[in-house]
Structures are given as structure tokens and as C-alpha cells.
Amino acid sequence: MVLFPYVGYLTAALICCLAFWKGDRPLRLAAAVLIAAWALSPLITEGHRHGLDYPVTILDTNVALIFVWISMRWRRIWCGVLAALTIIVVVIPLVAEVDRGIHIYNHWLANTIVSALQLAVMLAGIWLTVRARRRADEGAARA
């Protein structure tokens, strides 16, 4: 259990490196924003166990706005889903702040599930980008 966060960060770094290697411009930008947000969150957190962590909430809100902009700019469905998941990341601590009956472990589990879904969406974006590039190359070879 102690290694779980490190495995999560390593997995996120590998997926984002794969996105940089195989992805197009929106995928690379999304990977850079995601890995930067994941790297900055532990650095700027206030570290208290209960209550709203304002610096991380502000960071997550900005990340959600960037993902909304990317999805509107390039009109990619995977980025829209990533934006929606990031908005959920912003809402989770707000709900936990309003309803004090939510245990901190439930809050952490919800963040973990959404983070895993974000990585799955990044993998889907990589797969869609690679598939579209391969189809374009096949179409160019036939012409």
C-alpha cells in the first residue's frame, strides 16, 4: 500500500511519455498539462487532512479550464471526457467540504478512481491518434 502512489505517478509518467512520443499536438498538450498538474499538486498542497485545500483546488480548476479549451479548440471527444473528469476532480473536495459526513478515505478513493479514468482516457486518446495516423498513411499509400 505504501508504494501505490509511486506506482500511480510512474504509470502516469509512462502514459504521458507515450503521448508525447506517439501523439499529435492536442494529445501532447494534454499530456503536458496532466503531468504538470500531477507533479505540482503534492508540492503546493497545504497538507492538512480535512478541509478544502485551496491551492490544489485552484490548480485543478485551471487544469479543467485548459482541458475544456483543448477540447473546444481541436474538437476531440477524448479531451472532452478528460475535461469532464477534471471537473469531477474539482467537485469532489467541494462536496466533501459541504458534507462533513464523507470520510476522508472516501474522498481519496474517489480521487484515485477519477485519476485512473483520466489515464484510461489518455490511453484511448493515444490509440485514436495512432489509428487515425495509420489510416491516413494507408490512404496516402493507395493514392
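In what follows, every heavy atom counts, from backbone to side chain, and hydrogens, waters and symmetry copies are set aside.
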Tell me whether [Y] is reachable from [X] by hopping between hydrophobic residues (I, L, V, M, F, W, Y) whose side-chain heavy atoms are closer than 4.5 Å.
X   : Y   : answer
L59 : I87 : no
I35 : V89 : no
M72 : I77 : no
I92 : V63 : yes
I88 : V95 : no

Counting only heavy atoms not in F20, do more than 12 fall under 6.0 Å of its CZ?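 Counting other residues, nucleotides and ligands, CZ of F20 exceeds 12 neighbours.
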For the CG atom on L65, are there more than 12 heavy atoms of other groups (residues, nucleotides or ligands in this structure) within a distance under 6.0 Å?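 Atom CG in L65 is packed in, count exceeds 12.
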Distance in Å, [X] [atom1] paired with [Y] [atom2], rounded so as to fall on 0.5 Å steps:
X   : Y   : atom1 : atom2 : answer
L34 : I15 : CG    : CD1   : 9.0 Å
L40 : N62 : CG    : CG    : 11.0 Å
L82 : W78 : CG    : CH2   : 6.5 Å
T11 : Y6  : OG1   : OH    : 14.5 Å
Y9  : L14 : OH    : CG    : 15.0 Å
W69 : L29 : CH2   : CG    : 6.0 Å

Minimum-distance pair of heavy atoms, taken over all atoms of [X] and [Y]:
X   : Y    : answer
C16 : A31  : SG-O, 3.6 Å
L52 : P93  : CD1-CB, 3.7 Å
A96 : I102 : CA-CD1, 4.1 Å
C79 : I70  : SG-CG2, 3.3 Å

Sequence neighbours excluded, every pair satisfying side-chain hydrogen bond (donor to acceptor under 3.5 Å, both in side chains) that has a member inside residues 20-47: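 The answer is D24-R76, T45-D53, E46-H48.
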Let me check something: any side-chain donor-acceptor pairs from residues 113-132 under 3.5 Å, sequence neighbours excluded? List them with distances.
{"from": "S115", "atom 1": "OG", "to": "N111", "atom 2": "O", "distance (Å)": "2.8"}
{"from": "Q118", "atom 1": "NE2", "to": "T86", "atom 2": "OG1", "distance (Å)": "3.1"}
{"from": "T129", "atom 1": "OG1", "to": "G125", "atom 2": "O", "distance (Å)": "2.8"}

Going by the angle between their ring planes, with limits at 30° and 60°, are Y105 and W108 parallel, tilted or perpendicular?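 Aromatic pair Y105/W108 classed perpendicular.
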